[in-house]
There are 2 protein chains.
Amino acid sequence: MRRLGAIGHLTDQHREVLKQLPIRMVQLTKGQEIVPEGKPAASCCLVVDGLVHRTKVLSSGRRQIFSLHLPGDMPDLHSLHLPSMDHSLVATTPCEVGLIPHDAIREILRASPSLTDLLWRDTLIDAAAFRAWMLMIGQAEVPTRMAHLFCELFVRSFIVGLTEGWSFPLPVNQVDLADMLGTSAVHANRTLQELRVRNLIKFESGWVTIPEWQALAEFGLFDSSYLHPMTDRLELTLHSTL
Amino acid sequence: MRRLGAIGHLTDQHREVLKQLPIRMVQLTKGQEIVPEGKPAASCCLVVDGLVHRTKVLSSGRRQIFSLHLPGDMPDLHSLHLPSMDHSLVATTPCEVGLIPHDAIREILRASPSLTDLLWRDTLIDAAAFRAWMLMIGQAEVPTRMAHLFCELFVRSFIVGLTEGWSFPLPVNQVDLADMLGTSAVHANRTLQELRVRNLIKFESGWVTIPEWQALAEFGLFDSSYLHPMTDRLELTLHSTL
DNA sequence: CGTTGTGTTGACAAGAGTCAATGGCAGTGG
DNA sequence: CCACTGCCATTGACTCTTGTCAACACAACG
(Lines give C-alpha, C1' and ligand atoms only; values in the text may rest on other atoms or scores of the structure.)
Protein backbone atom coordinates (compact mmCIF):
# COMPACT_ATOMS: atom_id res chain seq x y z
CA MET A 1 0.00 0.00 0.00
CA ARG A 2 2.79 2.35 0.79
CA ARG A 3 4.14 1.71 -2.67
CA LEU A 4 0.78 2.15 -4.37
CA GLY A 5 0.22 5.29 -2.36
CA ALA A 6 3.52 6.57 -3.64
CA ILE A 7 2.66 6.22 -7.30
CA GLY A 8 -0.99 7.23 -7.25
CA HIS A 9 -3.89 8.38 -5.14
CA LEU A 10 -5.13 5.69 -2.80
CA THR A 11 -8.42 6.27 -1.01
CA ASP A 12 -9.41 4.83 2.35
CA GLN A 13 -11.94 2.73 0.53
CA HIS A 14 -9.19 1.26 -1.64
CA ARG A 15 -7.18 0.42 1.45
CA GLU A 16 -10.18 -1.35 2.93
CA VAL A 17 -10.63 -3.45 -0.18
CA LEU A 18 -6.95 -4.30 -0.38
CA LYS A 19 -6.91 -5.39 3.24
CA GLN A 20 -9.64 -7.91 2.46
CA LEU A 21 -7.46 -9.72 -0.06
CA PRO A 22 -6.62 -13.29 0.91
CA ILE A 23 -2.87 -13.57 1.17
CA ARG A 24 -0.75 -16.60 1.92
CA MET A 25 2.63 -15.83 3.42
CA VAL A 26 5.62 -17.88 2.32
CA GLN A 27 9.21 -17.93 3.54
CA LEU A 28 11.86 -18.44 0.89
CA THR A 29 15.53 -19.25 0.99
CA LYS A 30 18.08 -17.47 -1.16
CA GLY A 31 17.96 -18.51 -4.78
CA GLN A 32 14.62 -20.26 -4.55
CA GLU A 33 12.37 -19.97 -7.58
CA ILE A 34 9.01 -18.38 -6.86
CA VAL A 35 7.61 -18.69 -10.36
CA PRO A 36 9.59 -20.54 -13.02
CA GLU A 37 9.83 -19.43 -16.64
CA GLY A 38 7.26 -20.91 -19.00
CA LYS A 39 4.75 -21.81 -16.33
CA PRO A 40 1.36 -20.14 -15.97
CA ALA A 41 0.80 -18.47 -12.61
CA ALA A 42 -2.36 -18.66 -10.53
CA SER A 43 -1.40 -16.05 -8.00
CA CYS A 44 0.58 -12.82 -7.76
CA CYS A 45 3.52 -12.30 -5.50
CA LEU A 46 3.87 -9.38 -3.10
CA VAL A 47 7.33 -8.87 -1.65
CA VAL A 48 7.08 -8.38 2.10
CA ASP A 49 10.65 -8.74 3.25
CA GLY A 50 13.93 -9.31 1.43
CA LEU A 51 14.72 -8.98 -2.26
CA VAL A 52 13.35 -10.70 -5.33
CA HIS A 53 14.46 -10.50 -8.93
CA ARG A 54 13.22 -11.40 -12.38
CA THR A 55 15.68 -13.18 -14.60
CA LYS A 56 16.13 -15.23 -17.71
CA VAL A 57 18.96 -17.51 -18.70
CA LEU A 58 20.17 -17.70 -22.28
CA SER A 59 21.02 -21.10 -23.70
CA SER A 60 24.63 -19.93 -23.72
CA GLY A 61 24.38 -19.97 -19.95
CA ARG A 62 24.50 -16.22 -19.55
CA ARG A 63 21.92 -14.69 -17.30
CA GLN A 64 20.24 -11.31 -17.37
CA ILE A 65 18.50 -9.88 -14.32
CA PHE A 66 15.70 -7.63 -15.54
CA SER A 67 14.67 -6.04 -12.30
CA LEU A 68 15.19 -6.11 -8.59
CA HIS A 69 12.18 -5.88 -6.31
CA LEU A 70 11.96 -4.34 -2.89
CA PRO A 71 9.33 -4.93 -0.21
CA GLY A 72 6.02 -3.53 -1.45
CA ASP A 73 6.60 -4.47 -5.08
CA MET A 74 4.43 -6.90 -6.95
CA PRO A 75 6.90 -8.28 -9.47
CA ASP A 76 4.53 -10.57 -11.38
CA LEU A 77 1.41 -8.49 -11.56
CA HIS A 78 1.60 -8.99 -15.31
CA SER A 79 0.89 -12.71 -14.89
CA LEU A 80 -2.70 -11.65 -14.31
CA HIS A 81 -3.10 -11.10 -18.04
CA LEU A 82 -0.43 -13.26 -19.64
CA PRO A 83 -0.86 -16.99 -19.99
CA SER A 84 2.69 -17.95 -19.11
CA MET A 85 5.78 -16.40 -17.58
CA ASP A 86 8.46 -15.38 -20.05
CA HIS A 87 11.03 -15.30 -17.25
CA SER A 88 11.60 -16.62 -13.74
CA LEU A 89 10.92 -14.93 -10.45
CA VAL A 90 13.62 -15.77 -7.92
CA ALA A 91 14.40 -14.92 -4.32
CA THR A 92 17.59 -12.86 -4.33
CA THR A 93 17.97 -13.09 -0.57
CA PRO A 94 16.14 -15.08 2.05
CA CYS A 95 12.76 -13.43 1.99
CA GLU A 96 9.11 -13.42 2.78
CA VAL A 97 6.46 -13.02 0.12
CA GLY A 98 2.69 -13.03 0.08
CA LEU A 99 0.81 -14.94 -2.57
CA ILE A 100 -2.51 -13.50 -3.67
CA PRO A 101 -4.76 -15.62 -5.90
CA HIS A 102 -5.50 -14.17 -9.33
CA ASP A 103 -9.19 -14.79 -8.85
CA ALA A 104 -9.31 -12.59 -5.77
CA ILE A 105 -7.50 -9.78 -7.53
CA ARG A 106 -9.69 -10.04 -10.59
CA GLU A 107 -12.72 -9.82 -8.37
CA ILE A 108 -11.79 -6.61 -6.65
CA LEU A 109 -10.67 -5.09 -9.95
CA ARG A 110 -14.04 -5.85 -11.48
CA ALA A 111 -15.58 -3.86 -8.66
CA SER A 112 -13.17 -0.95 -8.76
CA PRO A 113 -12.06 0.60 -12.05
CA SER A 114 -9.90 3.13 -10.24
CA LEU A 115 -7.97 0.33 -8.56
CA THR A 116 -7.61 -1.33 -11.95
CA ASP A 117 -6.07 1.84 -13.29
CA LEU A 118 -3.73 2.02 -10.36
CA LEU A 119 -2.43 -1.50 -10.85
CA TRP A 120 -2.21 -0.98 -14.59
CA ARG A 121 -0.20 2.10 -13.85
CA ASP A 122 2.10 0.05 -11.67
CA THR A 123 2.86 -2.33 -14.54
CA LEU A 124 3.50 0.67 -16.79
CA ILE A 125 6.06 2.08 -14.38
CA ASP A 126 7.61 -1.35 -14.37
CA ALA A 127 7.92 -1.14 -18.15
CA ALA A 128 9.39 2.36 -17.89
CA ALA A 129 12.10 0.98 -15.62
CA PHE A 130 12.87 -1.65 -18.26
CA ARG A 131 13.37 1.10 -20.80
CA ALA A 132 15.72 2.92 -18.48
CA TRP A 133 17.76 -0.24 -17.91
CA MET A 134 17.79 -1.00 -21.60
CA LEU A 135 19.04 2.46 -22.39
CA MET A 136 21.87 2.04 -19.91
CA ILE A 137 22.82 -1.47 -20.97
CA GLY A 138 22.69 -0.59 -24.63
CA GLN A 139 24.36 2.81 -24.66
CA ALA A 140 26.29 3.54 -21.49
CA GLU A 141 29.58 2.16 -20.30
CA VAL A 142 29.68 -0.08 -17.28
CA PRO A 143 30.68 2.56 -14.68
CA THR A 144 27.81 4.80 -15.79
CA ARG A 145 25.39 1.89 -15.71
CA MET A 146 26.43 0.92 -12.24
CA ALA A 147 26.05 4.45 -10.91
CA HIS A 148 22.64 4.64 -12.51
CA LEU A 149 21.57 1.38 -10.92
CA PHE A 150 22.60 2.57 -7.47
CA CYS A 151 20.68 5.79 -8.03
CA GLU A 152 17.53 3.95 -9.01
CA LEU A 153 17.76 1.59 -6.08
CA PHE A 154 18.32 4.44 -3.66
CA VAL A 155 15.25 6.29 -4.88
CA ARG A 156 13.06 3.20 -4.84
CA SER A 157 14.29 2.27 -1.38
CA PHE A 158 13.58 5.79 -0.23
CA ILE A 159 10.02 5.70 -1.55
CA VAL A 160 9.19 2.68 0.58
CA GLY A 161 11.09 3.99 3.57
CA LEU A 162 14.05 1.64 3.58
CA THR A 163 16.87 4.18 3.46
CA GLU A 164 18.85 5.35 6.45
CA GLY A 165 20.28 8.72 5.60
CA TRP A 166 22.19 8.26 2.37
CA SER A 167 22.48 4.51 2.83
CA PHE A 168 20.27 1.63 1.83
CA PRO A 169 20.54 -2.14 2.21
CA LEU A 170 21.61 -4.10 -0.87
CA PRO A 171 22.46 -7.64 0.23
CA VAL A 172 23.57 -8.76 -3.19
CA ASN A 173 26.83 -10.25 -4.36
CA GLN A 174 28.93 -9.01 -7.26
CA VAL A 175 27.84 -11.83 -9.55
CA ASP A 176 24.23 -10.73 -9.26
CA LEU A 177 25.27 -7.13 -9.70
CA ALA A 178 27.11 -8.07 -12.88
CA ASP A 179 24.08 -9.89 -14.24
CA MET A 180 21.92 -6.85 -13.65
CA LEU A 181 24.36 -4.67 -15.54
CA GLY A 182 24.91 -7.07 -18.40
CA THR A 183 28.61 -7.46 -17.70
CA SER A 184 30.96 -10.02 -16.19
CA ALA A 185 31.62 -10.48 -12.50
CA VAL A 186 35.26 -9.56 -12.88
CA HIS A 187 34.44 -6.38 -14.71
CA ALA A 188 31.76 -5.50 -12.18
CA ASN A 189 34.35 -5.86 -9.44
CA ARG A 190 36.78 -3.54 -11.17
CA THR A 191 34.08 -1.02 -11.90
CA LEU A 192 33.02 -1.09 -8.28
CA GLN A 193 36.56 -0.26 -7.30
CA GLU A 194 36.64 2.60 -9.74
CA LEU A 195 33.46 4.10 -8.28
CA ARG A 196 34.90 3.68 -4.79
CA VAL A 197 38.09 5.46 -5.74
CA ARG A 198 36.11 8.30 -7.26
CA ASN A 199 34.25 8.51 -3.96
CA LEU A 200 30.92 8.03 -5.67
CA ILE A 201 29.73 5.08 -3.61
CA LYS A 202 30.55 2.79 -0.75
CA PHE A 203 29.38 -0.79 -0.97
CA GLU A 204 30.22 -3.14 1.83
CA SER A 205 28.55 -5.86 3.85
CA GLY A 206 25.31 -5.47 1.98
CA TRP A 207 24.91 -1.72 2.36
CA VAL A 208 25.35 1.04 -0.18
CA THR A 209 26.24 4.54 0.93
CA ILE A 210 26.15 7.55 -1.35
CA PRO A 211 28.57 10.27 -0.21
CA GLU A 212 27.35 12.89 -2.68
CA TRP A 213 24.07 12.31 -4.41
CA GLN A 214 24.56 15.02 -6.98
CA ALA A 215 27.89 13.63 -8.08
CA LEU A 216 26.60 10.09 -8.40
CA ALA A 217 23.45 11.15 -10.25
CA GLU A 218 25.49 13.16 -12.72
CA PHE A 219 27.98 10.40 -13.28
CA GLY A 220 25.17 7.89 -13.76
CA LEU A 221 23.17 10.22 -16.03
CA PHE A 222 20.30 9.62 -13.67
CA ASP A 223 16.91 11.26 -13.98
CA SER A 224 14.32 9.88 -11.59
CA SER A 225 11.29 10.92 -13.63
CA TYR A 226 10.82 7.49 -15.19
CA LEU A 227 9.96 6.10 -11.77
CA HIS A 228 7.01 8.50 -11.67
CA PRO A 229 6.99 8.89 -7.90
CA MET A 230 4.39 11.19 -6.43
CA THR A 231 6.42 12.18 -3.41
CA ASP A 232 7.60 15.75 -3.31
CA ARG A 233 9.56 14.61 -0.32
CA LEU A 234 11.84 12.81 -2.76
CA GLU A 235 12.82 15.97 -4.56
CA LEU A 236 13.47 17.67 -1.27
CA THR A 237 15.69 14.88 -0.11
CA LEU A 238 17.68 14.60 -3.30
CA HIS A 239 18.51 18.28 -3.16
CA SER A 240 19.02 18.56 0.53
CA THR A 241 22.79 18.53 0.40
CA LEU A 242 23.15 21.15 -2.28
CA MET B 1 -8.19 -4.53 -34.50
CA ARG B 2 -6.30 -7.20 -36.36
CA ARG B 3 -3.53 -6.82 -33.83
CA LEU B 4 -5.84 -6.90 -30.84
CA GLY B 5 -7.62 -9.89 -32.33
CA ALA B 6 -4.27 -11.62 -32.55
CA ILE B 7 -3.42 -11.24 -28.88
CA GLY B 8 -6.83 -11.83 -27.33
CA HIS B 9 -10.48 -12.53 -27.95
CA LEU B 10 -12.25 -9.63 -29.58
CA THR B 11 -16.05 -9.75 -29.75
CA ASP B 12 -18.20 -8.07 -32.37
CA GLN B 13 -19.40 -5.74 -29.69
CA HIS B 14 -15.83 -4.68 -28.98
CA ARG B 15 -15.27 -4.02 -32.65
CA GLU B 16 -18.35 -1.84 -32.74
CA VAL B 17 -17.16 0.20 -29.79
CA LEU B 18 -13.70 0.58 -31.24
CA LYS B 19 -15.09 1.78 -34.55
CA GLN B 20 -16.87 4.58 -32.73
CA LEU B 21 -13.63 6.06 -31.46
CA PRO B 22 -12.86 9.50 -32.79
CA ILE B 23 -9.58 9.34 -34.66
CA ARG B 24 -7.65 12.09 -36.34
CA MET B 25 -5.37 10.93 -39.13
CA VAL B 26 -1.98 12.58 -39.51
CA GLN B 27 0.70 12.23 -42.15
CA LEU B 28 4.27 12.33 -40.94
CA THR B 29 7.61 12.70 -42.64
CA LYS B 30 10.58 10.56 -41.76
CA GLY B 31 12.19 11.50 -38.47
CA GLN B 32 9.32 13.65 -37.29
CA GLU B 33 8.59 13.55 -33.57
CA ILE B 34 5.10 12.41 -32.72
CA VAL B 35 5.40 12.78 -28.98
CA PRO B 36 8.55 14.30 -27.48
CA GLU B 37 10.20 13.07 -24.31
CA GLY B 38 9.11 14.76 -21.12
CA LYS B 39 5.81 16.04 -22.44
CA PRO B 40 2.44 14.81 -21.25
CA ALA B 41 0.27 13.32 -23.99
CA ALA B 42 -3.44 13.98 -24.51
CA SER B 43 -4.01 11.32 -27.12
CA CYS B 44 -2.74 7.91 -28.11
CA CYS B 45 -1.15 7.08 -31.40
CA LEU B 46 -2.24 4.22 -33.64
CA VAL B 47 0.16 3.33 -36.43
CA VAL B 48 -1.75 2.98 -39.68
CA ASP B 49 0.98 2.94 -42.28
CA GLY B 50 4.78 3.04 -42.08
CA LEU B 51 7.04 2.52 -39.08
CA VAL B 52 7.35 4.30 -35.78
CA HIS B 53 9.90 3.86 -33.01
CA ARG B 54 10.39 4.81 -29.39
CA THR B 55 13.75 6.22 -28.50
CA LYS B 56 15.76 8.09 -25.95
CA VAL B 57 19.00 9.98 -26.35
CA LEU B 58 21.66 9.92 -23.66
CA SER B 59 23.45 13.15 -22.84
CA SER B 60 26.54 11.53 -24.35
CA GLY B 61 24.69 11.71 -27.65
CA ARG B 62 24.16 7.98 -27.94
CA ARG B 63 20.68 6.85 -28.82
CA GLN B 64 18.79 3.70 -27.95
CA ILE B 65 15.74 2.60 -29.89
CA PHE B 66 13.50 0.67 -27.52
CA SER B 67 10.99 -0.70 -29.94
CA LEU B 68 9.85 -0.58 -33.52
CA HIS B 69 6.14 -0.36 -34.26
CA LEU B 70 4.28 -1.77 -37.21
CA PRO B 71 0.85 -0.79 -38.47
CA GLY B 72 -1.75 -1.81 -35.90
CA ASP B 73 0.45 -1.05 -32.92
CA MET B 74 -0.38 1.58 -30.34
CA PRO B 75 3.10 2.57 -29.19
CA ASP B 76 2.09 5.06 -26.51
CA LEU B 77 -0.89 3.38 -24.94
CA HIS B 78 0.98 3.75 -21.66
CA SER B 79 0.64 7.53 -21.83
CA LEU B 80 -2.97 6.94 -20.77
CA HIS B 81 -1.76 6.35 -17.22
CA LEU B 82 1.57 8.11 -17.00
CA PRO B 83 1.79 11.85 -16.59
CA SER B 84 4.71 12.37 -18.96
CA MET B 85 6.60 10.52 -21.64
CA ASP B 86 9.94 9.10 -20.53
CA HIS B 87 11.01 8.79 -24.17
CA SER B 88 10.16 10.15 -27.61
CA LEU B 89 7.93 8.64 -30.23
CA VAL B 90 9.34 9.22 -33.69
CA ALA B 91 8.36 8.39 -37.25
CA THR B 92 10.96 5.95 -38.56
CA THR B 93 9.71 6.25 -42.12
CA PRO B 94 7.18 8.52 -43.75
CA CYS B 95 3.99 7.28 -42.17
CA GLU B 96 0.37 7.74 -41.31
CA VAL B 97 -0.87 7.60 -37.76
CA GLY B 98 -4.22 8.06 -36.10
CA LEU B 99 -4.51 10.11 -32.94
CA ILE B 100 -7.18 9.05 -30.46
CA PRO B 101 -7.95 11.37 -27.53
CA HIS B 102 -7.30 9.93 -24.10
CA ASP B 103 -10.74 11.02 -22.95
CA ALA B 104 -12.46 8.94 -25.60
CA ILE B 105 -10.43 5.86 -24.72
CA ARG B 106 -11.01 6.31 -21.02
CA GLU B 107 -14.71 6.55 -21.70
CA ILE B 108 -15.01 3.27 -23.56
CA LEU B 109 -12.78 1.55 -21.04
CA ARG B 110 -15.02 2.68 -18.23
CA ALA B 111 -17.87 0.98 -20.04
CA SER B 112 -16.04 -2.23 -20.90
CA PRO B 113 -13.81 -3.99 -18.38
CA SER B 114 -12.95 -6.71 -20.88
CA LEU B 115 -11.63 -4.12 -23.31
CA THR B 116 -9.64 -2.62 -20.46
CA ASP B 117 -8.09 -5.99 -19.83
CA LEU B 118 -7.27 -6.38 -23.49
CA LEU B 119 -5.47 -3.05 -23.71
CA TRP B 120 -3.73 -3.70 -20.41
CA ARG B 121 -2.62 -7.00 -21.86
CA ASP B 122 -1.27 -5.17 -24.88
CA THR B 123 0.94 -2.98 -22.71
CA LEU B 124 2.13 -6.10 -20.88
CA ILE B 125 3.20 -7.76 -24.11
CA ASP B 126 4.98 -4.53 -24.88
CA ALA B 127 6.88 -4.90 -21.61
CA ALA B 128 7.66 -8.53 -22.40
CA ALA B 129 9.25 -7.44 -25.64
CA PHE B 130 11.41 -5.00 -23.66
CA ARG B 131 12.63 -7.85 -21.53
CA ALA B 132 13.50 -9.88 -24.58
CA TRP B 133 15.46 -6.99 -26.07
CA MET B 134 17.17 -6.34 -22.77
CA LEU B 135 18.21 -9.95 -22.52
CA MET B 136 19.72 -9.80 -25.98
CA ILE B 137 21.45 -6.47 -25.54
CA GLY B 138 22.83 -7.44 -22.17
CA GLN B 139 23.91 -11.01 -22.77
CA ALA B 140 24.17 -11.87 -26.45
CA GLU B 141 26.77 -10.85 -29.00
CA VAL B 142 25.80 -8.58 -31.81
CA PRO B 143 25.24 -11.24 -34.51
CA THR B 144 22.89 -13.15 -32.21
CA ARG B 145 21.07 -9.98 -31.31
CA MET B 146 20.60 -9.02 -34.90
CA ALA B 147 19.27 -12.44 -35.86
CA HIS B 148 16.88 -12.25 -32.93
CA LEU B 149 15.64 -8.86 -33.98
CA PHE B 150 14.91 -10.05 -37.50
CA CYS B 151 13.04 -13.04 -36.08
CA GLU B 152 10.89 -10.85 -33.89
CA LEU B 153 10.11 -8.46 -36.68
CA PHE B 154 9.21 -11.29 -39.02
CA VAL B 155 6.78 -12.77 -36.54
CA ARG B 156 5.18 -9.45 -35.72
CA SER B 157 4.90 -8.57 -39.39
CA PHE B 158 3.31 -11.94 -40.02
CA ILE B 159 0.72 -11.45 -37.30
CA VAL B 160 -0.57 -8.29 -38.93
CA GLY B 161 -0.34 -9.75 -42.42
CA LEU B 162 2.58 -7.77 -43.76
CA THR B 163 4.84 -10.64 -44.81
CA GLU B 164 5.17 -11.96 -48.33
CA GLY B 165 6.39 -15.51 -48.09
CA TRP B 166 9.57 -15.37 -46.05
CA SER B 167 10.09 -11.67 -46.67
CA PHE B 168 8.91 -8.57 -44.90
CA PRO B 169 9.44 -4.86 -45.44
CA LEU B 170 11.98 -3.14 -43.20
CA PRO B 171 12.70 0.31 -44.64
CA VAL B 172 15.32 1.19 -42.07
CA ASN B 173 18.94 2.22 -42.46
CA GLN B 174 21.90 0.66 -40.74
CA VAL B 175 22.27 3.51 -38.28
CA ASP B 176 18.77 2.87 -36.95
CA LEU B 177 19.45 -0.83 -36.90
CA ALA B 178 22.59 -0.22 -34.86
CA ASP B 179 20.70 1.92 -32.36
CA MET B 180 18.13 -0.82 -31.89
CA LEU B 181 20.87 -3.33 -31.19
CA GLY B 182 22.89 -1.11 -28.91
CA THR B 183 25.93 -1.16 -31.15
CA SER B 184 27.70 1.16 -33.58
CA ALA B 185 26.75 1.64 -37.20
CA VAL B 186 30.06 0.28 -38.42
CA HIS B 187 29.71 -2.83 -36.35
CA ALA B 188 26.12 -3.31 -37.46
CA ASN B 189 27.29 -3.18 -41.04
CA ARG B 190 29.92 -5.85 -40.48
CA THR B 191 27.50 -8.03 -38.58
CA LEU B 192 25.01 -7.72 -41.39
CA GLN B 193 27.64 -8.93 -43.79
CA GLU B 194 28.41 -11.85 -41.54
CA LEU B 195 24.76 -12.91 -41.44
CA ARG B 196 24.58 -12.57 -45.19
CA VAL B 197 27.63 -14.76 -45.71
CA ARG B 198 26.18 -17.39 -43.41
CA ASN B 199 23.06 -17.27 -45.57
CA LEU B 200 20.89 -16.43 -42.58
CA ILE B 201 19.29 -13.30 -44.00
CA LYS B 202 19.07 -11.05 -47.02
CA PHE B 203 18.56 -7.37 -46.38
CA GLU B 204 18.38 -5.05 -49.33
CA SER B 205 16.32 -2.11 -50.52
CA GLY B 206 14.22 -2.14 -47.40
CA TRP B 207 13.23 -5.80 -47.47
CA VAL B 208 14.39 -8.67 -45.29
CA THR B 209 14.27 -12.21 -46.59
CA ILE B 210 14.81 -15.27 -44.43
CA PRO B 211 16.15 -18.21 -46.43
CA GLU B 212 15.82 -20.73 -43.61
CA TRP B 213 13.71 -19.82 -40.66
CA GLN B 214 14.92 -22.64 -38.49
CA ALA B 215 18.57 -21.70 -38.96
CA LEU B 216 17.97 -18.04 -38.18
CA ALA B 217 15.84 -18.76 -35.14
CA GLU B 218 18.48 -21.09 -33.74
CA PHE B 219 21.28 -18.66 -34.39
CA GLY B 220 19.29 -15.83 -32.82
CA LEU B 221 18.19 -17.97 -29.83
CA PHE B 222 14.68 -16.95 -30.71
CA ASP B 223 11.59 -18.18 -28.94
CA SER B 224 8.42 -16.42 -30.00
CA SER B 225 6.48 -17.14 -26.83
CA TYR B 226 7.16 -13.73 -25.30
CA LEU B 227 5.06 -12.15 -28.05
CA HIS B 228 2.10 -14.17 -26.78
CA PRO B 229 0.42 -14.44 -30.14
CA MET B 230 -2.84 -16.36 -30.29
CA THR B 231 -2.50 -17.48 -33.86
CA ASP B 232 -1.91 -21.17 -34.39
CA ARG B 233 -1.32 -20.18 -37.95
CA LEU B 234 1.98 -18.75 -36.80
CA GLU B 235 3.26 -22.05 -35.51
CA LEU B 236 2.21 -23.72 -38.72
CA THR B 237 4.04 -21.20 -40.81
CA LEU B 238 7.21 -21.25 -38.81
CA HIS B 239 7.46 -25.01 -39.19
CA SER B 240 6.27 -25.25 -42.74
CA THR B 241 9.71 -25.66 -44.25
CA LEU B 242 10.85 -28.46 -41.98
C1' DC C 1 27.07 18.76 -61.14
C1' DG C 2 27.52 19.40 -56.34
C1' DT C 3 25.10 17.74 -52.23
C1' DT C 4 23.43 14.49 -49.17
C1' DG C 5 22.44 10.15 -47.25
C1' DT C 6 23.94 5.66 -47.04
C1' DG C 7 26.78 1.58 -47.21
C1' DT C 8 31.49 -0.17 -47.05
C1' DT C 9 36.34 -0.67 -45.74
C1' DG C 10 40.85 -0.37 -43.14
C1' DA C 11 43.56 0.76 -39.21
C1' DC C 12 43.82 1.45 -34.61
C1' DA C 13 42.44 1.93 -29.72
C1' DA C 14 39.87 0.81 -25.93
C1' DG C 15 36.46 -1.56 -23.43
C1' DA C 16 35.18 -5.89 -21.77
C1' DG C 17 35.32 -11.06 -21.27
C1' DT C 18 37.86 -15.21 -19.93
C1' DC C 19 40.84 -17.98 -17.34
C1' DA C 20 43.24 -18.95 -13.46
C1' DA C 21 45.02 -18.11 -9.08
C1' DT C 22 44.90 -16.00 -4.45
C1' DG C 23 43.19 -14.57 -0.02
C1' DG C 24 39.65 -13.59 3.39
C1' DC C 25 35.94 -15.11 5.97
C1' DA C 26 32.10 -17.68 7.93
C1' DG C 27 30.24 -22.01 8.86
C1' DT C 28 30.80 -26.92 9.86
C1' DG C 29 32.25 -30.94 11.84
C1' DG C 30 35.63 -33.55 14.11
C1' DC D 1 40.67 -25.62 18.78
C1' DC D 2 41.65 -26.72 14.25
C1' DA D 3 41.24 -28.49 9.59
C1' DC D 4 38.08 -28.32 5.90
C1' DT D 5 34.83 -26.39 2.85
C1' DG D 6 32.33 -23.15 0.18
C1' DC D 7 31.39 -18.54 -1.06
C1' DC D 8 32.94 -14.40 -2.34
C1' DA D 9 36.02 -10.53 -3.56
C1' DT D 10 40.19 -9.46 -5.79
C1' DT D 11 44.09 -9.59 -9.07
C1' DG D 12 47.03 -10.37 -13.27
C1' DA D 13 47.58 -11.76 -17.89
C1' DC D 14 45.76 -12.46 -22.06
C1' DT D 15 42.33 -12.43 -25.86
C1' DC D 16 38.78 -10.68 -28.47
C1' DT D 17 34.79 -8.10 -29.25
C1' DT D 18 33.50 -3.65 -30.21
C1' DG D 19 33.91 1.46 -30.89
C1' DT D 20 36.16 5.29 -33.22
C1' DC D 21 38.10 7.79 -36.90
C1' DA D 22 38.73 8.49 -41.49
C1' DA D 23 38.31 7.66 -46.15
C1' DC D 24 35.87 6.18 -50.16
C1' DA D 25 32.07 4.47 -53.35
C1' DC D 26 27.63 4.93 -54.89
C1' DA D 27 22.89 6.38 -55.81
C1' DA D 28 19.21 9.71 -55.47
C1' DC D 29 18.08 14.29 -56.00
C1' DG D 30 17.63 19.04 -56.79
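Throughout, a chain's letter reflects where its sequence line sits, starting with A, and its residues are numbered from 1.
Of the residues in residues 177-185 of chain A, A:G182, A:T183, A:S184 come within less than 4.0 Å of DNA chain C through at least one heavy atom, sorted by number. Within residues 187-198 of chain A, the residues having any heavy atom closer than 4.0 Å to DNA chain D are, in order of number, A:N189, A:R190, A:Q193, A:R196. Interface residues of residues 137-152 of chain A facing DNA chain D, ordered by number: none; criterion, heavy-atom separation under 4.0 Å.
Under 4.0 Å is where a charged nitrogen must lie from a carboxylate oxygen, and between B:D73 and B:R156 at least one such pair does. Salt-bridge formation is detected for the pair B:R63/B:D176: a Lys NZ or Arg NE/NH1/NH2 atom is positioned less than 4.0 Å from an Asp or Glu carboxylate oxygen.
Residues passing the salt bridge (charged side-chain N to carboxylate O under 4.0 Å, His left out) test with A:R145, sequence neighbours excluded: none. In this view, A:S205 satisfies the side-chain hydrogen bond (donor to acceptor under 3.5 Å, both in side chains) rule with no residue, not counting sequence neighbours. In this view, B:R62 and A:Q139, B:S60 satisfy the side chain to side chain contact (heavy atoms under 4.5 Å, CB included) rule, not counting sequence neighbours. Scanning for ring-ring contact (aromatic ring centres under 6.0 Å, His included) contacts around B:H78 gives B:H87, with sequence neighbours left out.
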>> Within the 4.0 Å limit for protein heavy atoms, which parts of nucleotides 24-30 of chain D are touched? Write it as a string from 5' to 3', B for base, S for sugar-phosphate only, - for none.
In response: -------
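Listed by first then second residue, pairs satisfying salt bridge (Lys or Arg N to Asp or Glu O under 4.0 Å) with a partner in residues 198-210 of chain B read B:E194-B:R198, not counting sequence neighbours. Applying the salt bridge (Lys or Arg N to Asp or Glu O under 4.0 Å) test to every pair with at least one member in residues 26-51 of chain B, sequence neighbours left out, gives these pairs: B:E37-B:K56. Legend: salt bridge (Lys or Arg N to Asp or Glu O under 4.0 Å) pairs involving residues 183-193 of chain A, not counting sequence neighbours: none detected.
Proximity of A:L46 to A:I23: side-chain heavy atoms (C-beta onward) are separated by under 4.5 Å at one or more points.
Interatomic distance, CE of A:M180 versus CE of A:M146, reported as 10.0 Å (0.5 Å rounding).
Summary of helix geometry: the two end axes of the helix from C:dC1-D:dG30 to C:dG30-D:dC1, each defined by five base pairs via their C1' atoms, are inclined to each other by 30° (rounded to 10°).
Between B:F154 and B:F158, the ring planes lie parallel to each other; the angle is under 30°, not in the 30° to 60° tilted range.
For the side chain to side chain contact (heavy atoms under 4.5 Å, CB included) with B:Q174, the lone residue among B:V186, B:T191, B:L192 that qualifies is B:L192.
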>> Apply side chain to side chain donor-acceptor pair (under 3.5 Å) to residues A:E164 and A:W207 and explain how you reach the verdict.
In response: CA-CA 10 Å; A:E164 291 185 10; A:W207 280 78; over 6 Å; no
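With C:dT6, C:dC19, D:dA9 as the choices, the nucleotide that has an atom nearest any side-chain atom of A:N173 turns out to be D:dA9.
Atom CD in A:Q174 sits roughly 5 Å away from atom P in D:dT10 (whole-Å rounding). One atom, CE of A:M136, and another, P of C:dA16, lie 13 Å apart when rounded to the nearest Å.
For A:W166 and A:E212, the side-chain atoms include no donor-acceptor pair closer than 3.5 Å.
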